[in-house]
Every structure is written in C-alpha cells, then in structure tokens.
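Just so you know, ligand 1 is whichever comes first in the structure, and atom 1 is the first atom listed for that ligand. These numbers come from the heavy atoms of this one structure, side chains and all, not from hydrogens, waters or symmetry mates.
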Amino acid sequence: MMAEVNNIPHIGNIVGSHLPADIFARFLRIMEEEVVFVGGTDEHGSPTEVAAFKEGLEPKELCDRLFKVHKKIYDWLGISYDNFSRTSTKINHELTKEIFLKLIKKKLIVKKKILLPYCENDKRFLPDRWVEGICPYCNYESARGDQCEACTKLLEPSQLIEPRCVICNRKPIFKEVEHLFLDLKKVEKKLKKWIEKNKHWKKNVRSIALSWIKEGLKERCITRDLKWGIKVPLKGFEDKVFYCWFDAPIGYISSTIEWSIKNGKGDEWIKFWKNKDSKIFHFLGKDNIPFHTILWPAILIGIGEYNLPYQVVGMEFLNYEGRKISKSKNWGIFLDVENEEVVVKIGEKNIKLNPDFLRFYLSYIMPETKDSNFSLEDFKNRVNGELVDNFGNLAYRVLTFIKTRFDSRVPISKELNKKDEKVLKEIKKVKENVKKKILNLNFKDALKNILQLSDYGNKYFQEKSPWKEFSKDLESCKATLFVSACLVKALAILLYPFIPFSSEKVLNQLNYKEIKFENVDKFDLGNHLIGEIEPIFKKLEAV
Ligand SMILES: [Zn+2]
Ligand SMILES: [Zn+2]
C-alpha cells in the first residue's frame, strides 16, 4: 500500500493495510515462500502541495520530513517492509513516464477539454480535494471533489452539487483547460473478464469492482495543474504533472526495483512482476478498492507486460468508540514522532504502549468483512485477558517451572497419557486451521483459533498441576512439562505474524531460534536447554 504522505497514520490506516499486509508477509516468510513486501509514501498530489504551501516549505522538504515519520512509525510497529520507498524517487519518475509513453503508443491516452474549479477569491485552480459539496449519488453533504467518503464513488469536482472552495467557502467558477485522460473504455471488456474471473476475491471487493463495470467506464483524467509531481513528457503538457493516482500504484513496481538494486539482486524484481507464477497481493482500505480493481489494473492491462493483482484485500472501516475516526476532530488513536520517538496519542494524552498490544487488538477486531470498532475498554480487557493472562502467563509459568524444577532442561518424556496426546493433536489441528485461515485472509479467525489453543493449554496445565505431580508422579510431571513446552513453542510460532516482538521474546527464552511454520508441530524439545526467563508482558494499565 502507498501511504498518503500527509496522513500520519492512525489506527484505521494501520489496520486497513500495513498490519494485514505484514501479517501475511510474515506468515509467508515462515512458510518459506519467496516474498517481497513493498510499500512507500504517496507524495505527489494537491494535498502535499497545499500543506507545504501552508507551512512555507517546498513540497520536497515537507515530504522528506514526513517520509521519516512514516518509516519510523512502521518500524516501531514491526511492519516488516522489505522496501519502503517513496513515489518521488527517480526510479518512479522514470517508470511512470515510460508507462505513460507506452499507453500513448497503445492509443489509450486521449486529450479532452475539461472545466476545472477556479477560485476567483484565492486566484488559483482548486485541487479536487479543495472543493467540497453534495455527493450526486448519495447526497452526503461533505463529499470531496475526488471521491465521496460516504459511498466511495469517485467524483470530478464539477459533479458536486453546491460546490464550495475549502479555503474561503465561496463558490468556485469553472474554467476550461485541456488535460490527458486514460481511455478506460478501450480496456473495459478485458477488465470485466478479468474481474469476473477473480472468484477468489472477497465479496465486498468484487461487488465494488463489478458495480463500476456495470455503470460503464468513462475516461479518467490523469493530469493536474500542479508543480509538485511527475512532469508529463508530452508536447503541450509540459506544465502539468500526473495525477497522483496514476503514479502511486506504479510505485509498487518502483519500490520492488529499488529493493532489487539496494540488495544487489540485479533484475530479481522482474520475477515478482512478470513471472506468471508469482502472485501480487494488495492490502488497502475499502475507499481504495476502485483504484486497485479498476484503474490500476486498467493501466496494467493497457500495457500488458506486468502481472495483474492476484488478490485485492479491501478492509472495511474501523471506527473509534463508535464514531468515525477523524484527525480534525482529534477522534481516534494517532501515531506520531516527537523528539525522534514514536508516540501514541489518544485525545490530549501521549501514552506508552507495547506495539504488540496494538497489533494484537487490531488483529482481533480486524474489519475484514464489516466495519468494526476500537473501544479502549475492550482493548484493555482483551489485551490483559486474552494475551497477557492467557498466553503470557502460560509461557512464563511453563518456562519458570522448567528452569526451577528441571534445571532449565525440557524433560524427556517416556510416556504420554491421553490428556498429553490430546494437546499434541490439538496443536496439529490448529496449525492446519491457522494455515488455511491465513491463506484465505481470515486473520481474525486465525488469531482466535490460536488463542483457543492457548486457553486449552492453560486448562491442561492447571488440570495436570505439575507442581503436585512433581513429588507424586515424576514421569507424568515430565510429560506435562514436555508437552507444555511444545505447546508454548507452537503458540509462539503461530503468533509470530501477529505479535512478532513478543513471539521472538518467548522463543528466545525458550532458546529456540528457528521460526518456521513447519516447526509448529515438531515436538523436538526433549532435553532442550532453555534460556533466561522473564515475564513476557507487563499488563496494560488504564489508557
Ligand atoms: Zn456519495
Ligand atoms: Zn476560495
């Protein structure tokens, strides 16, 4: 996903793209699949130019600063991008121009005169987003000139009813200017066939894509009257730049190329973007579904060289305490960087937070099929109840027991009874379920399945009470600890895509280095020497 550089991420942005993509990438890596996970900041476009103007900066200066903020936040959260790039890189400039020229060759670019909003009061053309008005489709009263947030329809400013300039609230006039358009009509048939073929897409994604096709595709403007952006390499249009939706997705390819170069991998990016066996996954919020199922594939179909997305994962929206997250109303949980440190902001407060707690709860409530809600009370209860008490305590108790009673060596068990065997069977079962669910992109269910296994393990440990067995039946006690250690290892590996920092902490304490999915049900810990122990989590205090 390309993150809009001006939008310092909040929990909704995290859960909409970066986190699910990271869970998936981490899972594929421990499955030992070949994976490259790329993203970057989407830096062009009017919001950046206007924001820089307001701060008295050059857009590049603003983007340099904001890029670092984004990068720091994703690093803090453990979003394991193989390459996090920017749409303003030289590679992306060149590739965008190259792709544009290919589209011209294929006769997919047309010139058209359009009416653009111009504010006579502010004496400037108004970028799409600086015009608001009533949505012609759903009557939402604050629809932006580029898209209606309420119904996700893409708009042109001239479609808005009662348009107003966002700067001065006056009614803009419309002036005629010539611009370049991507002729979607010419690829409509192919696009439709391709969308219909993608039966593995989620319902919400397919239905949004198909409703676009059903309405009939129109030409889509790809140029803008701005200075900050990728210059259009065509006579008569030198003073224009590409609209950021055109160059932002091309940034996915550019970021992969950059990754190849940085890592001395030559042309390895080609394998991902052109090899028929590779699969492209996009993770994004539902407002970005049309871009990734219609416009971006239209470009790719148009030039016919690169792989089309295999899967477009469009997350529904996340609310905060029952209401839409809003930066301007300071409603939500926002991440930022202050004095070089990542801070989590709730209202006026900065709070200290274990990034895994945020990852855990966001995964727990992930809006996969319908909108969901972040509630602080629920956040605290789930984290303390289902992560700290359930998994954290189990791991700590088991490891401490092995350390104090068995001199830090997982006992070898001569004989397992039915209860012990059942736990190992459960591990195998959950492993298969989790694999199936994650590959089906049902992350929330996968996580719940893992937590059930942990819960089951706690009950088993309590029931067998090894602290009693130790003096009464040492062999059974050994079996309990052997099985429990295998279970802790399994849980830590299964949880790795969701809470990587804590998972690694547990595996370190267990002195188990190989985080591979196939090791989940390798019961290979007999006589294994564990490492130093400490509590896994500190409980989440009131936030
Ligand atoms: Zn609308
Ligand atoms: Zn104005």
query = Should the pair Arg29-Asp82 be classified as a salt bridge under the 4.0 Å nitrogen-to-oxygen rule?
reply = yes

inquiry  = Between the side chains of Arg65 and Glu55, is the shortest nitrogen-to-carboxylate-oxygen separation below 4.0 Å, so that they form an ion pair?
reply    = yes

remark   = At a cut-off of 2.8 Å, protein N/O/S around the Zn ion (ligand 2) gives Cys119 SG, Asp122 OD2, Cys165 SG, Cys168 SG

inquiry  = Is the ring pair Tyr361/Phe379 parallel, tilted or perpendicular, if the boundaries are 30 and 60 degrees?
reply    = tilted

key: Rounded to 10 degrees, the angle SG of Cys135 makes with SG of Cys151 at the Zn ion (ligand 1)   = 110°

key: Salt-bridge present (Lys185, Glu188; N to O < 4.0 Å)   = yes

ask   = Given Arg86, which of Asp64, Asp42, Asp247 fulfils the salt bridge (charged side-chain N to carboxylate O under 4.0 Å, His left out) condition?
value = Asp64

request  = Measure the acute angle between the ring planes of Phe100 and Phe246, then classify it against the limits of 30° and 60° as parallel, tilted or perpendicular.
outcome  = perpendicular

note = For SG in Cys148 and SG in Cys138, the angle at the Zn ion (ligand 1) (nearest 10°) is 110°

message = Please verify the inter-ring angle class for Tyr243 with Trp245; under 30° counts as parallel, over 60° as perpendicular, anything in between as tilted.
response = perpendicular

